Amino acid sequence: MSENDCPKTNPAHVAIIMDGNGRWAQKRGRPRLYGHHAGARRVREIVEACPDLGVKYLTIFAFSTENWKRTQAEVSGLMALFRRYITREARALIDNGIRVRFIGDRIRLDETLVRLMDELELLTADNDAVHLTVALNYGGRDEVARATKRLAREVAAGKIDPETVDAETLARFLDTYVLPDPDLVIRTSGEARISNFLLWQSAYSEYEFIDTLWPDFTAAEFSRVVGSYARRDRRFGAVPG
Ligand code: IPE
Ligand code: IPE
Ligand code: MG
């Protein structure tokens with residue numbers, strides 16, 4: 001059976017670019033961080049909707065390698081929010097069988113945050129209900145560059161023959177090496193671009209760009225978007241089935 005003969009089902013891996021927090025706050029005459037807090041509160045509802053929708057893997061874009069360009073106040077407010085979020089949500093994540101992983105470069109993140117991330121990964125390592133991956137200081141180009149560096153080291157050490165290097169070899173060095181590629185990538189807030197998210201992994205992903213600002217994105221809308229995926233015809237380069 002070729003890939004395009006596969007029965008149409010819900011996407012096993014959904015990735016979300018959670019965009020629009022700033023505009024959501026602005027519309028209410030509030031500071032941007034108010035929008036980020038509202039956005040963070042949305043995450044639990046979406047994660048908890050996954051099992052019933054058949055979504056085993058959920059990957060969310062929380063902070064990009066480019067987001068450091070924002071004001072120092074916004075960046076440090078976001079970092080504080082991430083620390084607080086992990087501390088407060090840990091119990092619910094553990095109890096609900098959510099396995100949490102983080103992707104992105106940890107080198108620029110503060111020590112306390114990195115410790116909390118490591119702990120949460122460890123505490124949820126035996127869970128299997130939903131695999132939640134949080135992209136934090138993540139950029140697709142940065143990830144490919146870091147993967148290439150590690151691969152080059154193995155080649156230099158004589159552990160990998162450069163002649164055998166192919167796409168699968170490189171994929172093993174990516175932050176996402178244990179995850180399947182996303183079937184569906186959703187971006188909220190009306191922008192139709194990928195902003196350096198999962199560049200390699202989304203080569204054949206389906207995209208949904210929706211106008212809703214992230215803090216307004218409900219489980220009902222998530223369910224509708226996931227449902228519309230089942231009507232798509234994925235061809236992976238082959239002829240229509
Ligand atoms: C997404 O919301 C969250 C992060 C990038 C951290 P934004 O902060 O980008 O919100 P807008 O796009 O300015 O509305
Ligand atoms: C992408 O949103 C990053 C996250 C959602 C974390 P941005 O708001 O940073 O993207 P651009 O700047 O509009 O492309
Ligand atoms: Mg934005």
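Everything quoted here is computed from the prediction, not taken from an experiment. When a ligand or atom number is given, it counts from 1 through the structure's own listing order. Sequence positions, counted from 1, serve as the residue numbers for this chain.
- R42 forms no cation-pi arrangement with W214, by the criterion of a distance under 6.0 Å to the ring centre and an angle within 45° of the ring axis.
- In terms of N/O distances under 3.5 Å, ligand 1 is not approached by A62.
- Distances shorter than 4.0 angstrom occur between a heavy atom of R70 and an atom of ligand 2.
- Side chain of T124 to backbone of N127: no donor-acceptor contact under 3.5 angstrom is found.
- Taking only nitrogen or oxygen atoms, main chain and side chain alike, N67 does not reach within less than 3.5 Å of ligand 1.
- At least one heavy atom of H36 lies less than 4.0 angstrom from ligand 1.
- The name of the N, O or S atom in D19 nearest to the Mg ion (ligand 3) is OD1.
- Within the 4.0 Å heavy-atom cutoff, G20 counts among the residues contacting ligand 1.
- The two atoms that bring D19 and E191 nearest to each other are OD2-CG, 3.6 Å, heavy atoms only.
- By the criterion of a heavy-atom distance under 4.0 Å, neither the backbone nor the side chain of F197 is placed next to ligand 2.
- Every N/O-N/O distance between W24 and ligand 1 stays at or above 3.5 Å.
- Those atoms of ligand 2 with a heavy atom of D19 less than 4.0 angstrom away are 2 (O), 8 (O).
- No donor-acceptor contact under 3.5 angstrom links the side chains of Y85 and R41, judged on distance only.
- Ring geometry, F236 versus Y204: the interplanar angle falls from 30° to 60°, so the pair is classed tilted.
- With no hydrogens or angles considered, a side-chain donor-acceptor pair links E221 and T212 at under 3.5 Å.
- When heavy-atom distances to ligand 1 are checked against a 4.0 Å cut-off, R32 comes that close only through its side chain, counted from C-beta outward.
- Counting heavy atoms under 4.0 Å from ligand 1, residue E191 does not touch it at all.
- Judged purely by distance below 3.5 Å, without hydrogens or angles, the side chains of W200 and D181 never pair a donor atom with an acceptor atom.
- Within the listing of ligand 2, atoms 6 (C) sit less than 4.0 angstrom from a heavy atom of F63.
- The closest protein non-hydrogen atom to atom 5 (C) of ligand 2 is M18 O, 3.5 Å.
- Within the 4.0 Å cut-off (strictly below), a protein heavy atom is located near atom 9 (O) of ligand 2.
- Those atoms of ligand 1 with a heavy atom of R23 less than 4.0 angstrom away are 11 (P), 12 (O), 14 (O).
- If you look at K69 next to ligand 2, there are no close heavy atoms at all, none under 4.0 Å.
- Side-chain N/O atoms of D183 and H13 include no donor and acceptor closer than 3.5 Å.
- Remark: minimum distance from atom 14 (O) of ligand 2 to any protein heavy atom is reached at S195 OG, 2.6 Å.
- In the model, T176 has no side-chain atom that pairs as donor or acceptor with a side-chain atom of R101 under 3.5 Å.
- Under a hydrophobic clustering in which Ile, Leu, Val, Met, Phe, Trp and Tyr are joined whenever their side-chain heavy atoms come within less than 4.5 Å, directly or via other members, V130 and M18 fall into the same cluster.
- Ranking the protein heavy atoms by distance from atom 2 (O) of ligand 2 puts R187 NH2, 3.6 Å first.
- When only non-hydrogen protein atoms are considered, atom 12 (O) of ligand 2 lies nearest to R193 NH2, 4.6 Å.
- Cation-pi check for R28 over W24 is met; the charged atom lies under 6.0 angstrom from the ring centroid and within 45 degrees of its normal.
- If you check the side chains of T164 and D161, you find no donor sitting under 3.5 Å from an acceptor.
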